[in-house]
Amino acid sequence: MASIKISSVRKVYPGNVEAISDLNLDISDGELVVLVGPSGCGKSTLLRMIAGLESITAGEVRIGDKVVNKLEPAERDIAMVFQNYALYPHMSVRQNLEYGLKNRRTPKAEIEQRVNEAARILEITRFLDRKPRQLSGGQRQRVAMGRAIVRQPKAFLFDEPLSNLDAKLRGQMRIEIKRLQRSLKTTSVYVTHDQLEAMTLADRLVVMNAGRIEQVGKPVDLFERPASLFVAGFIGSPPMNIFELATLRQLPGTTLPASIPAKADLVGIRPEALRLEEPAEPFIALEGTVELIEPVGGESHVYVNLNGIETLATVVVQGRLAEGEGSHIKLFMPASALHSFVSETGQRVE
Amino acid sequence: MVENRPWLDALTHLVLVVGVLIVAFPVYVAFIASTHEPSAFVRGVMPLLPGDNMVETYSRMLGEGLELAGTPPVWLMLTNSFWMAMIIAVGKIIISLLSAFAIVYFRFPLRTLAFWTIFITLMLPVEVRIMPTFAVVADLGLLNSYAGLTLPLIASATATFLFRQFFMTVPEELMEAARVDGAGPMKFFKDILVPVSITNIAALFVIMFIYGWIQYLWPLLVTTQEQFYTIVMGIKRLMAQTDREPDWNLVMATVILAMLPPVLVVLSMQRLFVKGLVETEK
């Protein structure tokens, strides 16, 4: 177990393509940090640089108190779980688990004991003598995790480990990974593009965009106080509604709440925070027609075509909306639920 | 696609049976001819049932050969051919596995050039470079030896290319997982890449064994001593007789014997072939 310290790390691919630019991140011992971002944001590259599968152009990666820039993946004492599991197809599950330990010349008795222990934790004891192809996706995923656990490494690196599973199994495995990580207390870095997975798993969430870190923090903090337009749009589903203040100002009979900073020219509001009834605090009122209703079980997503505003507004309504599609509707934005941004920099202002 | 159409079933079976007959009949005739006395085959009407000369013919060919035609015993030629084909097949597989491994998994300067150089040699089979190759082998003093018989045939662009294509379909994560698991390049090669390629190796082995078995021109050039004659050369020598009809029964017996080892190789490797077809997952 160890902390991971990433200082001023850059990655430039041949052809002068900069995948990561001057990135700093401290991951403390036992923490589960999730890297999340759209594809091509550099999250996998960063993970692979920590693993040693990708060279580091500049900067420094420390695992524990050792600089690992020049070390082979095996010498870094990390274990990695791959998206497609990468199990050795010709070896039995047991041999798959043993392989890394054998290469490390671990004594036989200890290998046996560690493999059995990992198999017990992951409930794959029954499958130890099977070949990977005889296992289902979820079982393979467990074996891949087992291969990481038996090594008792300083850190686990997960590279989108659940994206090959179906939705139901994904939810189940997500919980198991979280539980496992809590009980083993191994420092973990987890890469995903699924923001739900990111929100639920992370002790700390790192949102990445175009090779830079947009924001680091607890999932709830990122949700409640996104530091930039990008984070606001990426975290939360359905995404935040963003309105131009200039447009809102021109709506008939609208006074903007005094709490909006003078510098801001955009405001955002979560679909859950839009009200159908007038709130007690200052607010901005909107009117429009219901364009589309998506019932998603316990709640409904309502898309509203607002008068005087071009973009559709998304509203999350608990239960069912009384009005049908095409009906006229009033929406209220409470001042306390507004997020203010400056469009030029994309940053949040208070 | 499973369809239930009786007449279609019958038709497909008919086509298959006719195909098998066309392929198998000449082999059958060869076998029949080898069991009759020499004159039976040239009489004008070919017998279609086995004769009574089988034991005599085969034991003669296997045991002493045909001195008149300058042919050593067939068992000796079979052994020579077997070792030649075996060394060529195994050698080709080892060399091309290693070179494909280097080309796919290592980034070294002029890597692409190296690959294309190997690839271009596809256009230069032994027959094309026969004079220089012979000169080199003769200068090295390798005439009349197994090394001379096999070495020039071992380098194989085809196999290298096939393994390269296969290695490129092996997921990269497998290599990365092995690296994380502490396996160096050669350990990865031995523990993972070769076992994963086993069905391809088996298929190539069969093809290359037969390639080695049917070599004619090269053994003809580099061997002058009877003890290094190969079976294909032997058949030719049996047929080339001056001023008399070849002993067709002896020729056919040799042909049948020459066919057996490749058939055995194909049969024993068949299981791996099927496995290779069924196993889609890597």
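Chain A is the first sequence line, chain B the second, and so forth, proteins listed ahead of strands; every chain is numbered from 1. Excluded from the calculations below are hydrogen atoms, water molecules and symmetry mates; all remaining heavy atoms, backbone and side chain alike, are included.
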Check your understanding: For A/Leu87 and B/Leu174, which heavy atoms make the closest approach, and how far apart are they?
Key -> O-CD1, 3.3 Å

Practice item. Begin from the C-alpha positions of A/Tyr99 and B/Lys187 and carry the test side-chain contact (heavy atoms from CB on, under 4.5 Å) through to its verdict. Key: CA-CA 11 Å; A/Tyr99 189 64; B/Lys187 203 158 170 45; 3.9 Å; yes

Check your understanding: What do you reckon, is CD of A/Glu18 surrounded by more than 12 foreign heavy atoms closer than 6.0 Å?
Key -> yes

Check your understanding: Between A/Tyr88 and B/Asp181, is any side-chain donor less than 3.5 angstrom from a side-chain acceptor?
Key -> yes

Check your understanding: Within the distance-only criterion (no hydrogens, no angle test), does the side chain of A/His90 pair as donor or acceptor with the backbone N or O of B/Asp191 below 3.5 angstrom?
Key -> yes

Point to revise | Taking every non-hydrogen atom, the tightest pair across B/Val196 and A/Pro89 | key: CG2-CG, 3.8 Å

Check your understanding: Within a radius of less than 6.0 Å around CZ of A/Arg179, do more than 12 heavy atoms belonging to other residues, nucleotides or ligands occur?
Key -> no

Exercise for review: Locate the shortest heavy-atom distance separating A/Ala74 from B/Gly182; write the atom from each residue and the value.
Suggested key: CB-CA, 3.2 Å

Check your understanding: So which residues of residues 40-58 of chain A are in contact with chain B at a heavy-atom cut-off of under 4.5 Å?
Key -> A/Arg48, A/Gly52, A/Leu53

Review point. What do you reckon, is NZ of A/Lys5 surrounded by more than 12 foreign heavy atoms closer than 6.0 Å?
Key: no

Review point. If you draw a 6.0 Å radius around CG in A/Asp65, do more than 12 non-hydrogen atoms from other residues or ligands fall strictly inside?
Key: no

Review point. Does atom CZ of A/Arg182 have more than 12 heavy-atom neighbours from other groups under 6.0 Å away?
Key: no

Check your understanding: If we only count heavy atoms from C-beta on, is the B/Val180 to A/Pro153 side-chain gap below 4.5 Å?
Key -> no

Practice item. Report the C-alpha distance between A/Glu72 and B/Arg179 in whole Å, list the side-chain angles of each, state the deciding distance to 0.1 Å, and finish with yes or no for side-chain contact (heavy atoms from CB on, under 4.5 Å). Key: CA-CA 8 Å; A/Glu72 269 291 296; B/Arg179 277 180 75 187; 3.4 Å; yes

